[in-house]
Amino acid sequence: MELAIGIILGCCALGAGMAMIAGIGPGIGEGHAVAKACEAIGRQPECKGSVTTTMLMGCAVAETTGLYALVIAILLIFLAPGRFVNILVNTMSTLG
Amino acid sequence: MKKKSGLFRLVDVLLLLMTVLPIVCGMVIKVLTKPAAEGIEISGAGIFFTIKLPLQDLPITESQVNSWLVIVSVFFLCLYLTHGLATVPNLRRQHLVEWGIEKVENMVNENMGEYFHNFVPFVAAIMVLSAFSSLLTLVGLYPPTSDLNVVAGWAVLVFFLITYYKFKCGPAYYLKSFAEPVAFLAPINIISEFATPVSMAFRHYGNVLSGTVISVLVASGLQGISAMVFGNLSGIIGEVPFFQIGIPAVLSIYFDIFSGCLQAFIFAMLTMLYVSSAFPSDEYEERRRKKLNRQKAAS
C-alpha cells in the first residue's frame, strides 16, 4: 500500500515536471517576437508605442500554450495525488 | 486656485477612508480566520461558510469576498476622483481622471472603431477591476484573479458579448460563419469558438497564480539558504533569515505589479479585439444601406 502511494506521488511529480517541458516553446517564441520588435524599433523609432503594444499582445497569445502546461502541472501537484490515492484506497477496500 | 471649503474636505476624507476601509476589512478578516502559516504553504481560496441551496450548495469563498471588497473600494475611489468636477479643472485629480479616460477612449477607438464607442466604460471597468484584484497581493490578501472561477466568469461574459455581436446579421449569417473557408472545417471552427474563453481565463489566472507560486518557492528557498549559511551562528543572528530581506521584493515588483497590470491590459485588449473582430461590419453596413434604400423606395 505504501509502495503504491509512493509510486502515485512520484509519478505525479514526474508528470508535472515533464509537462513543464512545454515552457520551452513559448520561451523561444517570445524571444523571437521581442527580437523582431527590437529590430523594428531600431529601424523606425517613431512607432515604438504601437510596436510595443503589438509585441505584448503577441507575447500574451504565445504564452498560452505554456500556461496550459502550467495549469496541468499545478493540477498534477495539488489535485491529482489526493484523487488517485482516494481511488486506490476505494478499490483496495472493495477488493478486500 | 480657490480655497476648498471645510465640508468639501470632510467629504474628501470620508471618501478616501471608504476607499481604504474595505482593504483593511479584508486584512482583518484574513487575520481572524486564517492562522499564520508555518513555512511554505500554497493553497487555493479558503471557504468561509456554505449557504445551503436546494440544487447546489453555495460556498462563500475568499475570492468572492475579496472581489466584492475590491469592487467597493474602486467604487469609492471613483467617487473620490470625480468629487468636485468643474468645467475649468481646478483640482489635480480631475486632470488625472481626464488623462485616464482619454487614454481608454483612444485605445477603444483605435482597436474597435467608432461603432463600439459605448464600450469605453466596460473596457475601463474590466481593466481597473482586474488590475486592482491582482494588486491585492501587495497587502497580503488572496488575489481573486488567481482563482480560475472569477476569471472564467469574466471570460464567459466576453464570450456572450462575442456571440451577441456575431448574431448582429441574423442567425443564418452566424451559422454560415462557421463554414468559412471550407465547409468541412466547421468542427474545428466550433472548437476554436469555445477555446477563446478558455484560453482567456487560463491566461489570466495562470499568470497571476504562477507569480504567487514562484514567489512562495523563492522565499522558502531563501529561508533555507540563510539557515544553511548563518544557522551555525549563536544567538539571534542565527535565526534571522537574512537572505529573505529585500530579494523577494524584486520578484514582487515583476510578478505582482508589472505582471498584474500587464494581464489586466491584455485581458481588456483581447476583449476589444475579439468583440470587434466578431462583428461583421461590412455585411452590417451593407444590410443597413439596403434597408434604408427599401424604406426610401416604399415611402
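Within every chain, numbering begins at 1; the chains are lettered A, B, ... in the order of the sequence lines, protein sequences first and strands thereafter. Scope of the values below: all heavy atoms of this structure, side chains included, with no hydrogens, waters or symmetry mates. Just so we're clear, the structure is a prediction, and the values are computed from it rather than from any experiment.
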- prompt: Do B/Met269 and A/Leu56 have side-chain heavy atoms sitting under 4.5 Å apart?
  reply: no
message: Looking at A/His32, I want to see if its NE2 is surrounded by more than 12 non-hydrogen atoms of other residues, nucleotides or ligands under 6.0 Å.
response: no
- request: Quick one: closest heavy-atom pair of A/Leu70 and B/Gly206, and the distance?
  value: CD2-O, 3.5 Å
query: Is the count of non-hydrogen atoms from other residues, nucleotides or ligands lying under 6.0 Å from B/Gln56 atom CD greater than 12?
result: no
query: In terms of heavy-atom contacts, does CZ of B/Phe265 have more than 12 from other residues, nucleotides or ligands at under 6.0 Å?
result: yes
- request: Report, as yes or no, whether the 6.0 Å neighbourhood of atom OH on B/Tyr164 holds more than 12 heavy atoms from other residues, nucleotides or ligands.
  value: no
- request: Using modelled atom types only, decide if a donor and an acceptor are shared between the side chain of B/Arg203 and the backbone of A/Ala60 within a distance under 3.5 Å.
  value: yes
statement: Output for pair (B/Ser210 OG, A/Ile74 CD1), nearest 0.5 Å, gives 7.0 Å
CG-CE distance between B/Asn111 and A/Met57, expressed to the nearest 0.5 angstrom: 8.5 Å
- prompt: Side chain, backbone, both or neither: which part of B/Leu262 has an atom under 4.5 Å from a heavy atom of chain A?
  reply: side chain
